[in-house]
Every structure is written in C-alpha cells, then in structure tokens.
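A, B, ... follow the sequence lines: proteins, then strands. Residue 1 opens every chain.
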2 protein chains.
Amino acid sequence: MCILNTGGFAVEEKSISKAVIKRLPRYYRYLGELIEEGIERISSNELSAKMRVTASQIRQDLNNFGGFGQQGYGYNVPYLYEEIGKILGLDKTHHMIIIGAGNLGQALANYVKFEKRGFKIVGVFDINPVLKGISIRGNGIRMMSELPEFLQKEDVQIAALTVPKSSAAEIAELLVQNGIKAIWNFAHLDLNVPKDVIVENVHLSESLMRLSYNLTVAEQKEEK
Amino acid sequence: MCILNTGGFAVEEKSISKAVIKRLPRYYRYLGELIEEGIERISSNELSAKMRVTASQIRQDLNNFGGFGQQGYGYNVPYLYEEIGKILGLDKTHHMIIIGAGNLGQALANYVKFEKRGFKIVGVFDINPVLKGISIRGNGIRMMSELPEFLQKEDVQIAALTVPKSSAAEIAELLVQNGIKAIWNFAHLDLNVPKDVIVENVHLSESLMRLSYNLTVAEQKEEK
DNA sequence: TAGATTGTTAATCGATTAACAATC
DNA sequence: TAGATTGTTAATCGATTAACAATC
C-alpha cells in the first residue's frame with residue numbers, strides 16, 4: 001500500500017507514474033457522471049466499457065492508491081469518487097491568482113466550477129492601467145505593481161499565467177520569489193523554476209498542431 | 001523511410017506513435033526560437049541540452065519521418081523547422097470556426113498567431129442573440145441557426161467547440177453531419193464521433209486537477 | 001456455498017536509451 | 001584523412017494487458 005521497503009532500510013512512498021496521474025481526473029469525471037445518474041456500484045468491467053480502457057488498467061491504476069473495491073461486488077461509486085477527489089487534493093481549498101486579464105485570463109476567472117472543486121480565485125492582475133479596478137466575479141483587477149505586497153499578505157498557492165510569452169519568464173520568477181508553489185502556465189514557453197515549484201503547462205498552440213497533424217494525415221489518406 | 005514491407009506483400013505507411021506526435025510541436029517551437037537567434041545548425045546533443053530530452057530520443061523521433069540530418073554536421077535549423085512544419089501540416093491553410101463566443105471562444109478568435117500557422121478563423125457562432133453581429137477581428141458573431149447553411153457553402157475543416165458540456169454532444173453531431181473533419185474540444189466530456197473525425201481534447205479542469213495532485217503531494221511531503 | 005469480481009503477479013508489448021557502424 | 005555526428009540496431013526500462021488466486 002504505497003510503501004516500498006528498499007533493501008530493508010529506507011522506507012519511502014512509491015511515486016505514482018505520470019501516466020496514472022493523467023488518467024485520474026478522467027476517472028473522477030466519469031464517476032461524477034455515474035453519481036448524477038444515481039448509480040451506486042460499478043465493476044471494473046462495466047467502467048471499462050464506458051471509458052474504453054481495459055478493466056485491468058482500471059484495477060491497476062486504482063490499486064496504486066489502495067484497495068477501493070470489494071471482491072464479488074465491484075466499486076462503490078460515491079466512495080470511490082470521494083477517495084479519488086482526496087487523492088487529487090480536491091477536498092482542500094487552494095487559493096489561486098490569475099496573471100494576465102486578457103480573454104483567456106478572464107475566461108478562467110469567470111469559470112465558476114473551479115471554486116466548486118476547491119480552487120478559489122483571490123486575485124486577478126494585469127499591467128494594463130485601463131483594466132484597473134474592473135470587476136470579474138467580485139475580483140477587481142489589480143495592477144502588477146501590487147503583486148509582491150499582495151502575495152506577502154495573502155496565502156496564495158497557485159498562479160495561472162496567461163500573459164504573452166515575452167513577459168512570462170520574468171513574471172514566473174517574480175511569482176516564485178514571492179512564494180507561489182504552483183504555476184498553471186498558458187504561455188508558449190517552458191518555464192525555468194526551482195524543482196520544488198510545480199508547473200502544469202497548457203500549450204494551446206501545440207494542441208492545435210497535434211490536431212493539424214492528425215487532420216493532415218487523414219487528408220493524405222483520402223487523396224489516395 | 002516511413003514504409004513497412006510486411007511479409008513482402010502489403011506495403012503500408014508505418015503509423016507514428018502518439019508519444020512522438022506529442023513531442024513534435026515542442027521541437028517545432030524550439031527550432032523557431034533558434035531561428036530567431038540566428039542559429040543555422042544544431043546537433044542532437046546541443047538540442048538535447050536545451051530541451052532536456054535525450055539526444056537519442058531526438059534522433060529516433062526525427063528518423064520516423066526521414067533523415068533530416070547529416071553525419072558530422074548535425075541538423076540545419078531552418079530546413080528542419082520547415083520539414084517539421086510540413087509534417088504538422090502547417091504549410092497548408094485550414095479553415096476553422098469557433099462554436100461558442102464566451103470568453104474562451106473569444107480568446108481563441110482573438111489569438112492572432114493561429115492565422116500565421118495556417119489556421120484561418122472564418123466564423124464564430126453562438127446561441128445568444130445579444131452577441132449577434134458583434135465583430136471579433138472581422139468576424140461578426142453568427143447565430144447557431146445559420147450554421148448548417150454556412151457549412152454547406154464554406155469549406156471548413158476544423159471546429160473549436162467552446163460551449164457548455166450540456167450542449168456539446170448535440171452540437172458535435174451537427175458539426176459532423178455537416179462535414180466537419182476535426183473538432184478541437186474544450187467541453188468537459190468525451191465526444192462520440194465517427195472514427196474518421198479527429199478530436200483533440202483540451203480539458204482545462206483535468207489539467208488543473210493534475211496540478212492539484214502534484215501540489216498536494218508536495219504539501220504532504222513538506223508536512224513531514 | 002457458488003458466483004462474481006477484486007487485488008496482484010506474471011507475460012507481453014511498446015517506448016526510451018545506449019551503443020556503434022555508416023558516412024559526411 | 002580524422003573528427004564529428006547521424007541513422008539505426010540492440011538493450012533496457014516501464015507501462016499495459018492477461019491470468020488467476022484470494023475473498024467478499
């Protein structure tokens with residue numbers, strides 16, 4: 001159960017592979033939908049059919065974190081949902097700020113569901129004085145110059161970075177200096193931060209290029 | 001060179017693994033940056049240091065598509081950039097529409113660089129009559145009721161889907177019926193479309209949950 | 001108890017890394 | 001030619017799938 005005994009000496013947590021982590025939110029989403037449908041229990045086989053992954057993978061993935069099921073019964077849906085939520089840290093509240101109040105920043109700031117999942121937006125920042133004080137769901141847009149003082153006062157863990165590439169590196173450094181622990185990076189570059197700072201990238205242009213690749217391959221097949 | 005001879009009989013294209021495709025846009029981005037710096041040639045070893053992947057992986061990845069390098073020299077940066085661009089289909093123009101003119105849809109519609117990469121936004125649609133006719137970079141917002149006729153007349157390959165989960169499935173079906181070949185899906189569900197239709201998902205909430213997981217693990221480590 | 005289904009070990013598959021002959 | 005670096009084969013590593021004993 002998550003514990004490795006290496007050579008009978010050091011005891012440490014087995015780290016979970018990235019592939020597994022990537023799948024967890026999808027399990028969580030499907031379980032949420034099952035709850036909405038009022039379904040109480042599900043077997044790995046039934047879930048397998050719904051999600052189009054193997055039942056074996058589901059059981060392996062879940063067992064990284066403990067035995068959530070029961071032989072002969074399957075998995076209790078609300079229980080498993082809650083447990084995965086805990087694993088993902090959705091049972092705790094995290095405070096988030098948004099740097100860059102352009103369309104994308106505003107889209108994030110307006111997205112109501114984040115708060116339901118424990119991500120509370122406590123500030124929105126921009127350099128454009130025109131935006132100063134404009135309110136997005138109760139958060140007046142603040143100027144970047146106020147950022148360091150704000151971070152000293154408030155307890156903020158996450159910063160969403162929705163600024164142009166040109167200023168992203170500099171701002172990331174500022175964020176780290178002021179104690180930000182995780183950056184949700186929408187800028188088109190790889191951030192260079194200390195290894196204890198978490199970076200989660202959302203590179204929209206790379207996503208579009210992957211779509212483009214698959215579309216192009218399909219088009220070429222068509223031509224034959 | 002991309003051709004497999006299976007048993008001396010059927011000759012077919014070797015399909016490229018998803019892992020490789022996922023890395024291609026990142027190579028493309030780094031090569032673009034090297035061009036901006038005026039760098040003419042680079043070895044897999046130098047690129048390896050910059051990108052923090054192994055040189056071996058770079059060579060393997062590129063060789064899926066052909067021999068772009070030269071022994072004793074390395075890779076010519078502008079040439080490789082162009083070739084990867086071709087592989088990704090960025091040398092052709094694709095027409096894209098955006099369904100859903102909320103903040104996220106508007107953010108995409110306003111993003112200038114897509115057009116530079118060959119993705120031309122030719123229409124923006126919404127159901128909200130208040131938005132009708134409002135112009136986003138030359139595209140007046142159209143009503144969803146106009147969509148089928150629009151798609152019959154215009155040549156559109158890609159649809160970006162930035163609508164609420166509740167209407168996404170239905171709209172996706174409408175898009176497919178009217179000949180859309182690829183959907184860039186921002187809605188929080190898995191679309192059910194024919195297998196010749198390409199779907200590229202951007203699930204922001206899942207991305208945030210992965211960040212949350214990593215942050216939570218880090219916080220727990222800290223507590224010790 | 002018999003049937004169902006998990007948890008978990010073993011087997012397979014695929015992706016990454018290492019090594020080196022080919023060649024510029 | 002000698003040195004550098006690719007293209008490519010072989011070795012390793014990790015992730016997925018299959019199988020089945022444990023157990024509810």
Side-chain angles (χ1 to χ4, degrees), chain A residues 1-6 13-24 26-27 30-31 34 39-81 83-84 87 210, chain B residues 1-6 13-24 26-27 30-31 34 39-81 83-84 87 210:
Chain A
M1 278 190 51
C2 293
I3 302 292
L4 258 189
N5 200 321
T6 41
E13 298 239 340
K14 182 174 27 176
S15 96
I16 310 294
S17 88
K18 273 193 186 177
V20 174
I21 305 309
K22 220 179 157 192
R23 287 192 290 267
L24 275 190
R26 189 158 176 266
Y27 290 128
Y30 272 85
L31 290 165
L34 288 170
I39 292 168
E40 264 289 308
R41 54 166 276 206
I42 194 159
S43 70
S44 57
N45 239 303
E46 293 166 306
L47 192 55
S48 158
K50 267 198 185 294
M51 295 186 64
R52 294 164 196 250
V53 297
T54 63
S56 201
Q57 182 163 76
I58 293 173
R59 295 203 299 275
Q60 285 274 26
D61 282 353
L62 297 180
N63 261 83
N64 279 295
F65 305 98
F68 298 134
Q70 198 166 82
Q71 286 97 328
Y73 173 86
Y75 298 90
N76 179 281
V77 174
Y79 172 70
L80 185 56
Y81 179 78
E83 288 302 310
I84 295 182
I87 292 164
R210 282 193 289 275
Chain B
M1 278 192 49
C2 294
I3 302 291
L4 260 188
N5 199 320
T6 40
E13 297 238 339
K14 183 174 27 175
S15 96
I16 309 293
S17 89
K18 273 193 183 175
V20 174
I21 304 309
K22 218 177 157 194
R23 287 190 290 267
L24 274 189
R26 187 156 178 267
Y27 290 130
Y30 272 85
L31 289 165
L34 288 169
I39 291 168
E40 264 288 308
R41 54 166 278 206
I42 194 158
S43 70
S44 57
N45 239 303
E46 292 166 306
L47 192 55
S48 157
K50 266 195 184 296
M51 294 185 64
R52 294 163 196 247
V53 296
T54 64
S56 200
Q57 180 162 78
I58 292 172
R59 296 203 297 277
Q60 286 274 27
D61 282 353
L62 297 179
N63 262 81
N64 279 295
F65 304 98
F68 299 133
Q70 198 165 82
Q71 284 96 332
Y73 173 86
Y75 298 89
N76 178 283
V77 175
Y79 172 70
L80 185 56
Y81 179 77
E83 289 301 312
I84 295 182
I87 293 164
R210 282 192 288 276

Can you tell me the Watson-Crick or wobble partner of C:dT23, both distances under 3.5 angstrom?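 In the structure as shown, C:dT23 has D:dA4 as its Watson-Crick or wobble partner.
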
Who is the Watson-Crick or G-U wobble partner of D:dA15, with both distances under 3.5 Å?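 Here D:dA15 is engaged in a pair, and the nucleotide opposite it is C:dT12.
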
[N], OP1 or OP2 - any side-chain N/O from [X] closer than 4.0 Å?
| X | N | result |
| --- | --- | --- |
| A:T54 | D:dT16 | no |
| B:Y75 | C:dC24 | no |
| B:S44 | D:dT5 | no |
| A:Q57 | D:dT16 | yes |

Could you give the [atom1]-to-[atom2] distance, from [X] to [N], as a whole number of Å?
| X | N | atom1 | atom2 | answer |
| --- | --- | --- | --- | --- |
| B:I16 | C:dA15 | CD1 | P | 11 Å |
| B:R41 | C:dC24 | CZ | P | 16 Å |
| B:Y73 | D:dG7 | OH | P | 13 Å |
| B:N64 | D:dT6 | CG | P | 16 Å |
| A:E46 | C:dT5 | CD | P | 7 Å |
| B:K18 | D:dA15 | NZ | P | 17 Å |
| B:F68 | C:dC24 | CZ | P | 17 Å |
| B:N63 | D:dT9 | CG | P | 10 Å |

Just how far is it from atom CG of B:D61 to atom OG of B:S17, taken to the nearest 0.5 Å?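 Separation between the atoms: 7.5 Å.
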
When you measure from the side chain of B:R26 to the backbone of B:M51, do you find a donor-acceptor pair of N or O atoms at a distance under 3.5 Å?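 Indeed, once roles are kept as given, a pair shorter than 3.5 Å links the two residues.
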
Give the nucleotide from the list C:dT16, C:dT6, C:dC24 with an atom nearest to the side chain of A:Q71.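 Shortest atom-to-atom distance from the side chain points to C:dT6.
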
Judged by each residue's nearest nucleotide on DNA chain C, which is more toward the 5′ side, B:R59 or B:S17?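 First, find each residue's nearest nucleotide; the 5'-ward one identifies B:S17.
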
Counting distance alone, no hydrogens or angles: does the base of C:dA18 have a donor or acceptor under 3.5 Å from a partner atom on the side chain of B:S56?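 Yes, a donor-acceptor pair under 3.5 Å.
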
Could a donor-acceptor pair under 3.5 angstrom be found where the side chain of A:Q60 meets the base of D:dT17?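 A donor-acceptor contact between them is present.
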
Checking side-chain contact (heavy atoms from CB on, under 4.5 Å) between A:L80 and each of A:V77, A:N76, A:I84, which is the one that passes?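 When A:V77, A:N76, A:I84 are each tested with A:L80, the side-chain contact (heavy atoms from CB on, under 4.5 Å) holds only for A:I84.
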
Given B:Y75, which partner from the list B:R59, B:Q70, B:R41 fulfils the side-chain contact (heavy atoms from CB on, under 4.5 Å) test?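 Answer after filtering B:R59, B:Q70, B:R41: B:R59.
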
Verify whether one side chain among A:E46 and A:S43 offers a donor that lies under 3.5 Å from an acceptor in the other.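 The answer is yes; a qualifying pair exists.
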
